[in-house]
S.K.: 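Below is the structure I would like to discuss, written out as structure tokens.
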Amino acid sequence: MHGLTYHSIWLDEGAAIWIAGLPLRVLIERTMAFREEVSPPLYFLLLKGWMTITGDSDFTLRFFSAWWIMVGLAVLFSIGRIAFGQPVGRLALALGALQPYLVWFSQEVRFYGLLFALSSLATLGLLRALR
């Protein structure tokens with residue numbers, strides 16, 4: 001959470017906020033047609049709901065991404081624990097939490113945190129299915 005508002009909102013973040021602020025029908029049409037953004041609409045729909053609940057301050061918008069990274073890290077811990085035991089789960093969590101790209105992307109109003117969380121959940125699901 002440290003430094004979430006250190007940098008101002010930059011162009012790509014501003015575009016994500018603008019897209020999330022569009023009326024629902026327009027948001028879906030534009031994101032499905034990849035007009036302004038090449039990201040699928042799920043992130044923008046979730047961000048729209050988040051903005052409705054918390055507002056649109058820099059901190060709350062960036063916290064949304066940070067929260068998804070934290071979800072992904074918790075799942076990463078579970079993957080390591082299930083696959084190799086508790087110590088490896090802890091190591092995976094520590095390495096993930098200190099990974100510079102995850103720290104950087106957790107502080108951007110972009111879909112990266114959601115992507116990390118969903119891909120971690122998919123990996124966990126595969127691991128459980130294989131067991």
S.K.: Is there a side chain to side chain contact (heavy atoms under 4.5 Å, CB included) between Leu46 and Trp68 once you walk through the steps?
M.R.: CA-CA 11 Å; Leu46 293 172; Trp68 284 111; 4.0 Å; yes

S.K.: Does Ile28 reach the side chain of Leu45, with side-chain heavy atoms less than 4.5 Å apart?
M.R.: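 Answer yes - side chains close enough.
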
S.K.: How would you list, by chain and number, every residue that makes a ring pair (Phe, Tyr, Trp, His ring centres under 6.0 Å) with Phe105, sequence neighbours excluded?
M.R.: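 Applying ring pair (Phe, Tyr, Trp, His ring centres under 6.0 Å) to Phe105 gives Tyr112.
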
S.K.: Do the side chains of Val109 and Trp10 join up, straight or via other hydrophobic residues, at under 4.5 Å, putting them in one cluster?
M.R.: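 Looking at the clustering, Trp10 is in a separate group from Val109.
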
S.K.: Would you say Ser65 and Arg110 make side-chain contact, with heavy atoms under 4.5 Å?
M.R.: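 The answer is no; the side chains never approach within 4.5 Å.
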
S.K.: Test of understanding: with side-chain hydrogen bond (donor to acceptor under 3.5 Å, both in side chains), list the residues that count as partners of Thr60, not counting sequence neighbours.
M.R.: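 For Thr60 the side-chain hydrogen bond (donor to acceptor under 3.5 Å, both in side chains) partners, ignoring immediate neighbours, are Ser57.
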
S.K.: Rounded to the nearest 0.5 Å, what's the gap from CG on Leu127 to CD1 on Ile79? Could you check?
M.R.: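 One finds 7.0 Å between CG of Leu127 and CD1 of Ile79.
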
S.K.: Can you name the nearest heavy-atom pair linking Ser8 to Glu13, along with the distance?
M.R.: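 Between these two residues, the closest heavy atoms are O-OE1, 3.9 Å.
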
S.K.: Return the minimal non-hydrogen interatomic distance between Ile82 and Arg128, and the atom names on each side.
M.R.: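 Ile82 and Arg128 have their closest heavy atoms at CD1-NE, 3.7 Å.
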
S.K.: Under the rule for ring pair (Phe, Tyr, Trp, His ring centres under 6.0 Å), what residues qualify as partners of Tyr43, not counting sequence neighbours?
M.R.: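 Listed in chain order: Phe64.
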
S.K.: State yes or no: do Leu91 and Phe84 share one hydrophobic cluster built from I, L, V, M, F, W and Y residues joined by side-chain heavy-atom distances below 4.5 Å, directly or via other members?
M.R.: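 No.
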
S.K.: State which residues pass side-chain contact (heavy atoms from CB on, under 4.5 Å) with Thr52; sequence neighbours excluded, sorted by chain then number.
M.R.: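 Per chain and number, Thr52 pairs via side-chain contact (heavy atoms from CB on, under 4.5 Å) with no residue.
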
S.K.: Are Trp67 and Tyr101 in one and the same hydrophobic cluster, where Ile, Leu, Val, Met, Phe, Trp and Tyr link if side-chain heavy atoms are under 4.5 Å apart?
M.R.: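 Cluster IDs for Trp67 and Tyr101 match.
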
S.K.: Only pairs at least two apart or in different chains count here, so list each salt bridge (Lys or Arg N to Asp or Glu O under 4.0 Å) that has a residue in residues 39-57.
M.R.: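 As it turns out, there is no salt bridge (Lys or Arg N to Asp or Glu O under 4.0 Å) pair with a partner in residues 39-57 once direct neighbours are skipped.
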
S.K.: Can you name the side-chain contact (heavy atoms from CB on, under 4.5 Å) partners of Ser78, sequence neighbours left out?
M.R.: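 Partners of Ser78 under the side-chain contact (heavy atoms from CB on, under 4.5 Å) test: Arg81, Leu124.
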
S.K.: Taking Phe111 as the starting point, is it possible to reach Leu11 by hopping between hydrophobic residues whose side chains are less than 4.5 Å apart?
M.R.: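 Looking at the clustering, Phe111 is in a separate group from Leu11.
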
S.K.: What closest approach, in Å, do Gly72 and Ser120 show between heavy atoms, and which atom pair accounts for it?
M.R.: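 So the minimum-distance heavy-atom pair works out to O-OG, 3.8 Å.
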
S.K.: Should Phe44 and Met32 be regarded as members of a common hydrophobic cluster, given that ILVMFWY residues are connected when their side-chain heavy atoms come within less than 4.5 Å of each other, either directly or indirectly?
M.R.: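 Phe44 and Met32: one cluster.
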
S.K.: Using links of under 4.5 Å between side-chain heavy atoms of ILVMFWY residues, direct or through other members, which residues join Phe77 in one cluster?
M.R.: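 Members alongside Phe77: Ile69, Leu73, Leu76, Leu93, Leu102, Phe116.
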
S.K.: Sequence neighbours excluded, which residues qualify as side-chain hydrogen bond (donor to acceptor under 3.5 Å, both in side chains) partners of Arg25?
M.R.: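 Applying side-chain hydrogen bond (donor to acceptor under 3.5 Å, both in side chains) to Arg25 gives Glu29.
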
S.K.: Does some side-chain heavy atom of Ile17 sit less than 4.5 Å from a side-chain heavy atom of Met51?
M.R.: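 Yes, close enough: below the 4.5 Å cut-off.
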
S.K.: Holding to side-chain hydrogen bond (donor to acceptor under 3.5 Å, both in side chains), I want the full list of residues that pass it with Thr54, two or more places apart in sequence or in another chain.
M.R.: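 Residues passing side-chain hydrogen bond (donor to acceptor under 3.5 Å, both in side chains) with Thr54: Trp50.
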
S.K.: With sequence neighbours excluded, tell me which residues meet side-chain contact (heavy atoms from CB on, under 4.5 Å) with Tyr6.
M.R.: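 Scan of Tyr6 (side-chain contact (heavy atoms from CB on, under 4.5 Å), adjacent residues dropped) gives none.
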
S.K.: Apply side-chain contact (heavy atoms from CB on, under 4.5 Å) to Arg30 and list each qualifying residue two or more places apart in sequence or on a separate chain.
M.R.: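 If we apply the side-chain contact (heavy atoms from CB on, under 4.5 Å) test to Arg30, skipping adjacent residues, the hits are Trp18, Leu22, Val26, Arg35, Glu36.
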
S.K.: Considering non-hydrogen atoms only, spot the tightest contact between Ser106 and Val103 and give its length.
M.R.: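 Shortest heavy-atom contact: OG-O, 2.7 Å.
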
S.K.: Tell me, please, which residues at least two apart from Glu108 pass side-chain hydrogen bond (donor to acceptor under 3.5 Å, both in side chains).
M.R.: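 Residues passing side-chain hydrogen bond (donor to acceptor under 3.5 Å, both in side chains) with Glu108: Trp104.
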
S.K.: Can you find a pair of side-chain heavy atoms, one from Ile19 and one from Leu47, that are under 4.5 Å apart?
M.R.: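 No, every pair of side-chain atoms sits at 4.5 Å or beyond.
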
